[in-house]
K.L.:
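One structure follows; several queries about it will come next.
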Amino acid sequence: MDIIEKFLRQISYKFPKGYPDINDDQDMLMLEGILKKMGIELQEAPQISYNQLKPEAKKVADDVLQLLGFSKDQIKGTSGTQFIIYTDIPREILVQKVEDSGKFGSRRGDRADARGNFKVGNVTFLFKPLKTSGEYYNLKPQTMGITLDKYVPISQIQQELIKGIQANKRLDDLQKKFLTALVTKKDNLSPEEKQTIFKDDRFYGEFLKNFGEIIGAIEFGLSKNANAIFFPGKGNYPLIDYLLKTDSGTIQVSAKSPKGQGNTVKLPDLIRLIQDTGNKPDPDLLKINDIINDNTLKIGTTELIRAYGDSNLKSKLEDFTTKYPDYAERRLTPEETIERLELEREIVKQLNSQFSPMFTKAFNDYVDVVYIKYSPNKSTLEPEFKVIDEENFKVKLRTKNSPGHDSDKIGFDVSKV
């Protein structure tokens, strides 16, 4: 048995089909998470903009955009005659609409789950969910050329960052100009250029999530008179994105997106912090964590309801599982996903009504981390922060899933008291 086969057999139980389906976004997200824990980063193939497509591909793209009412910035080419359209609208709806138009032929591939693509002459196109393409611009500290796993002076990080911006092949000239202005504190963008940046939801969302961690660390570090910043290379620091070294000690920081649907905190990270102090987590916290993390997304929700849901919610679950007995083994339709999400949101609500005070107390007792939400002022580009200091946490469970993006396990939402 070769090493790849052995690896696949070890992880096969995690996937509905018994193996990771490369055409299934949820499977690939799970596989990427497994590989990241092993220190392996998956790299996307280089992509090109709409303007770099061949004329025949541009013609097809224009026709599709006109049909769907999309914009050119949602298109990324994988070659001169192949392109992807990124969108939050469920692909099942879009594929059916394109096929029903009669302009692009029939979808190719598996009709059952609508992941097929279309081919018009030599031109091929398909749809991908926008929210699963959130790492396109490679703006994380680990991909921007920042020195990791050691304390580095802020001035050195600024120099490394400017080099990383210029070397980044995913960014266009305006995006590079914008990021450089933030690092150098020289705002040379026109109002029109700023408007273009802030209206590009895909770029700006990834900027806030990933680059915002770096520039936020620099600006928050300067505000605290920090001598150096430490960016961890791997996940050995639960809840911590970077460390600031000051004359009075070390500040541990967790960087979060200022948008409402930013990352949630993983339950095992809190449990690990509690156990590292020699204390025992609350039994219900352990049980909820085990149910969420030892099961697939769909099964985890089901088991939470069976363990903690009220009689009405359990009855709704039984109706759902009777109606869709194979729900856990296949991709759900948009309508079925909406029904599943109603159950998930209700159990999250019921769990919070019972245990939010316990979650909050655990954070305030054991989490010695400052939460920072950074964003630039849209007129001046000056840094703006929302800060949650230790012992001021308010914590509850939250699901980030939606009909167009149903792949994230339940996590903690952290806000200020």
K.L.:
Does Lys394 make a cation-pi contact with Phe359, if we ask for NZ or CZ under 6.0 Å from the ring centre and within 45° of the axis?
P.N.:
no
K.L.:
Hey, are Glu206 and Lys209 close enough for a salt bridge, meaning a charged N less than 4.0 Å from a carboxylate O?
P.N.:
no
K.L.:
Report yes or no: is the cationic atom of Lys245 (NZ for Lys, CZ for Arg) closer than 6.0 Å to the six-membered ring centre of Tyr151, at no more than 45° off its axis?
P.N.:
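Yes, Lys245 lies over the aromatic ring of Tyr151.
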K.L.:
So Phe118 and Phe125, would you call those rings parallel, tilted or perpendicular, with 30° and 60° as cut-offs?
P.N.:
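Aromatic pair Phe118/Phe125 classed parallel.
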K.L.:
Do Gln350 and Gln354 have side-chain N/O donor and acceptor atoms under 3.5 Å apart?
P.N.:
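Their side chains do not contain a donor-acceptor pair, so the 3.5 Å distance test is not met.
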K.L.:
Assess the pair Phe363 and Phe412: is the distance between their ring centroids shorter than 6.0 Å?
P.N.:
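Distance test on ring centres: under 6.0 Å, yes.
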K.L.:
With distance as the sole criterion, is a donor-acceptor pair present between the side chains of Asp276 and Tyr366 under 3.5 Å?
P.N.:
no
K.L.:
Who pairs with Ser223 by side-chain hydrogen bond (donor to acceptor under 3.5 Å, both in side chains), at least two apart in sequence or on another chain?
P.N.:
none
K.L.:
Report yes or no: do Tyr327 and Thr302 form a side-chain donor-acceptor pair below 3.5 Å?
P.N.:
yes
K.L.:
In this structure, is the centre-to-centre distance between the rings of Tyr137 and Phe203 below 6.0 Å?
P.N.:
yes
K.L.:
Partners of Tyr324 by side-chain hydrogen bond (donor to acceptor under 3.5 Å, both in side chains), sequence neighbours excluded?
P.N.:
Glu339
K.L.:
State, without any angle test, whether Arg107 and Gln96 hold a side-chain donor-acceptor pair at a distance under 3.5 Å.
P.N.:
yes
K.L.:
So, the side chain of Lys58 versus the backbone of Asn51: is there a donor-acceptor pair under 3.5 Å, distance only?
P.N.:
yes
K.L.:
Is there a donor-acceptor contact under 3.5 Å linking the side chains of Glu382 and Asn377?
P.N.:
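No pair is found: no donor N or O on one side chain lies under 3.5 Å from an acceptor on the other.
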K.L.:
Applying side-chain hydrogen bond (donor to acceptor under 3.5 Å, both in side chains), name anything that partners Asn279, two or more places apart in sequence or on another chain.
P.N.:
Thr277
K.L.:
With side chains defined as the heavy atoms from C-beta onward, is the minimum distance between Leu243 and Ile240 less than 4.5 Å?
P.N.:
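Side chain of Leu243 against side chain of Ile240, heavy atoms only: contact under 4.5 Å found.
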K.L.:
Any donor and acceptor pair, going by atom type alone, linking the side chain of Asp413 with main-chain N or O of Arg398 inside 3.5 Å?
P.N.:
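No; zero donor-acceptor contacts below 3.5 Å.
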K.L.:
Test your reading of the model: is there a side-chain donor-acceptor pair from Glu336 to the backbone of Thr333, 3.5 Å cut-off?
P.N.:
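Yes, because the side chain of Glu336 sits within donor-acceptor range (under 3.5 Å) of the backbone of Thr333.
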K.L.:
Closest approach of Asn293 and Lys409, non-hydrogen atoms and distance?
P.N.:
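That closest heavy-atom pairing would be O-NZ, 3.6 Å.
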K.L.:
State whether Glu213 and Lys140 are salt-bridged, where the test is any N-O pair (Lys NZ or Arg NE/NH1/NH2 against Asp/Glu carboxylate O) under 4.0 Å.
P.N.:
no
